[in-house]
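Below, chains carry the letters A, B, ... as their sequence lines are ordered, and counting in each starts from 1. Keep in mind the model is a prediction, meaning the values are calculated, not measured.
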Amino acid sequence: MHRRPGMKLMGSAIVAWHAPLIVAADQVRPKLIWVLLRGGMDSLHALLPLGDSQFARQRKSLVKAVEGGALDISRGFALHPALQEMHGLYRNNQMLAVVATATGNRTRSHFKAQDILECGLPEIDHDSGWVNRAVDAYQGQSLAVAHSTSISLRGSRLAKTWYPDSLPAAEDDLCTRLALLYENDDVLGSRLREGLTTRDQLGDTESSKKAQLFPVLAESRARLMSQDNGPDCGMLEMGGWDTHNNAVPRLNRLFAELDQGIAKLRQGMGSQWGNTVVMVATEFGRTVAENGTKGTDHGTASTMFLAGGAVKGGQLFGTWPGLGKDDQCQGRDLMPTSDIREWKGAVLQQHWGLGNRELARVFPGVAPINAQLVNQSSTRRI
Amino acid sequence: MRSLIYALNTMAQRPFNAGSPAGYSALNGGWAGSDALMKRIDWVARLSQYVNKSPQKIVEQVFGDTLSSATVQSVARAESRSQGLALLLLSPELQRR
């Protein structure tokens with residue numbers, strides 16, 4: 001592909017960050033992949049509490065659309081039909097979910113909530129991300145990759161960023177919002193409509209263009225991380241989750257894309273999958289009840305998923321608060337029953353062997369939860 | 001801040017001002033207009049991943065009151081900062097500067 005100066009600038013935006021290498025070539029390195037879903041992923045539609053009698057009543061059309069094909073988990077929960085890879089991993093004890101968890105601070109703003117999740121400190125510090133602090137505390141070969149310098153990776157050391165060469169199409173959600181913005185502009189509005197129609201019509205021939213972004217990034221991330229002396233830590237992001245309207249078809253597509261990305265991670269990590277933990281979380285969940293536009297609005301508690309060969313999977317964690325009006329948070333949301341940092345801390349403790357003092361630097365004031373989330377192994381501290 | 005926006009906007013224009021028959025502005029007629037716009041959208045979407053500034057701050061500090069309320073609201077309601085920045089750069093006002 002012909003490289004223009006602008007592309008070269010971004011294509012080579014590599015910033016390095018690593019600690020001294022003290023590794024034996026044959027040592028198994030515990031890998032951590034942080035996947036941030038931006039927009040407030042509707043966890044109640046990802047992991048459906050079908051066993052809760054209040055659920056279907058408050059989400060009639062959303063539940064009706066998927067309950068037939070939902071994939072059984074346990075405790076009355078089932079996965080969205082599109083999450084086939086995730087379900088397979090659960091059955092193979094390589095995936096677990098934590099229900100009804102949330103960050104320590106409440107806000108309904110995407111920007112603020114994402115900052116809170118990425119920073120992980122009691123007060124937002126835009127220059128200090130939890131991943132950076134974790135990698136700092138982890139005394140191994142700490143190298144992290146991401147495709148942007150989002151807060152999670154900011155801190156005392158630089159982050160390595162990398163982006164694939166091809167230019168996948170912009171997310172559908174951006175185009176939908178642009179259509180709204182161009183409503184009163186005849187020229188731009190018709191150009192956009194024409195452009196989107198053409199893309200839809202081209203279908204297969206342009207499939208590489210319309211190729212979904214997340215699986216492409218996941219594949220690249222895994223390829224990089226699974227190399228000899230590859231990074232121990234990587235970050236991936238996926239947007240489009242803000243499903244205020246038309247949630248059913250949008251989430252069908254989004255969950256399929258997320259699921260394919262997880263599959264790409266497993267395939268890409270190859271033999272390293274056995275010592276990998278993928279952590280999937282979103283800044284907040286969504287309202288319990290459907291709204292008037294076939295979607296849901298910004299909520300509070302959500303579900304966090306862990307996937308990977310190193311995960312002690314096949315389990316559901318978290319206390320389920322119930323969905324009755326009195327059980328809801330502010331009368332509209334799923335009530336959080338834990339701080340998400342407790343679970344992240346436990347992963348760092350069990351997967352990277354961080355001690356209590358080090359964990360206190362990553363998540364001050366939050367103790368790791370006492371639950372076995374990662375398989376015990378002798379290859380911890382490098 | 002202004003120079004950042006100018007630079008970003010110029011970069012967003014780059015694939016289309018190549019001086020070749022493929023370089024049509026998004027405001028021209030016919031298929032070339034819509035194709036150019038879609039390419040610009042893809043380009044800006046990717047570009048926006050690399051900028052860490054808050055799009056709302058950019059709106060305040062660079063544009064003040066000169067943007068439409070539709071654009072300002074769109075940026076504020078974006079589901080992420082990079083999407084907010086993409087919406088700003090692709091807004092009708094900036095497409096016509």
- Taking atom CG of A:Leu181 and atom CD of B:Glu93, what is their separation to the nearest 0.5 Å? 7.0 Å
- Region of B:Ala78 that comes under 4.5 Å of a non-hydrogen atom in chain A: both
- Counting only N and O atoms by type, is there a donor-acceptor contact under 3.5 Å from the side chain of A:Glu194 to the main-chain atoms of B:Ser34? no
- Contact origin within B:Gln56 toward chain A - heavy atom pairs under 4.5 Å: side chain
- Task: Could you tell me which portion of A:Asp115 (side chain, backbone, both or neither) has an atom closer than 4.5 angstrom to a non-hydrogen atom of chain B?
- Result: side chain
- Query: With a 4.5 Å heavy-atom cut-off, do B:Arg81 and A:Gln114 have their side chains touching?
  - Reply: no
- Note on the structure: Here the pair of heavy atoms bringing B:Ala45 nearest to A:Leu174 is CB-CD2, 3.7 Å
- Expected output: side-chain B:Glu79 to main-chain A:Gly240 donor-acceptor under 3.5 Å: yes
- Does B:Arg77 CZ have over 12 foreign heavy atoms under 6.0 Å away? no
- Query: Side-chain contact, heavy-atom cut-off 4.5 Å: B:Asp35 with A:Thr198?
  - Reply: no
- Would you give the length of the straight line joining atom CG of A:Leu217 to atom CD of B:Gln49, rounded to the nearest 0.5 angstrom? 8.5 Å
- Hits for ring-ring contact (aromatic ring centres under 6.0 Å, His included) against A:Trp241, two or more places apart or cross-chain, chain-then-number order -> A:Phe255
- Note on the structure: d(A:Leu178 CG, B:Ser74 OG) to nearest 0.5 Å is 7.0 Å
- Message: When you compare the side chain of A:Leu192 with that of B:Ile41, does any pair of heavy atoms fall below 4.5 Å?
- Response: yes
- When the 4.5 angstrom heavy-atom criterion is applied to A:Asn184 and chain B, the contacting part is neither
- Item | Side chain / backbone / both / neither for A:Glu283 at chain B, heavy atoms under 4.5 Å | side chain
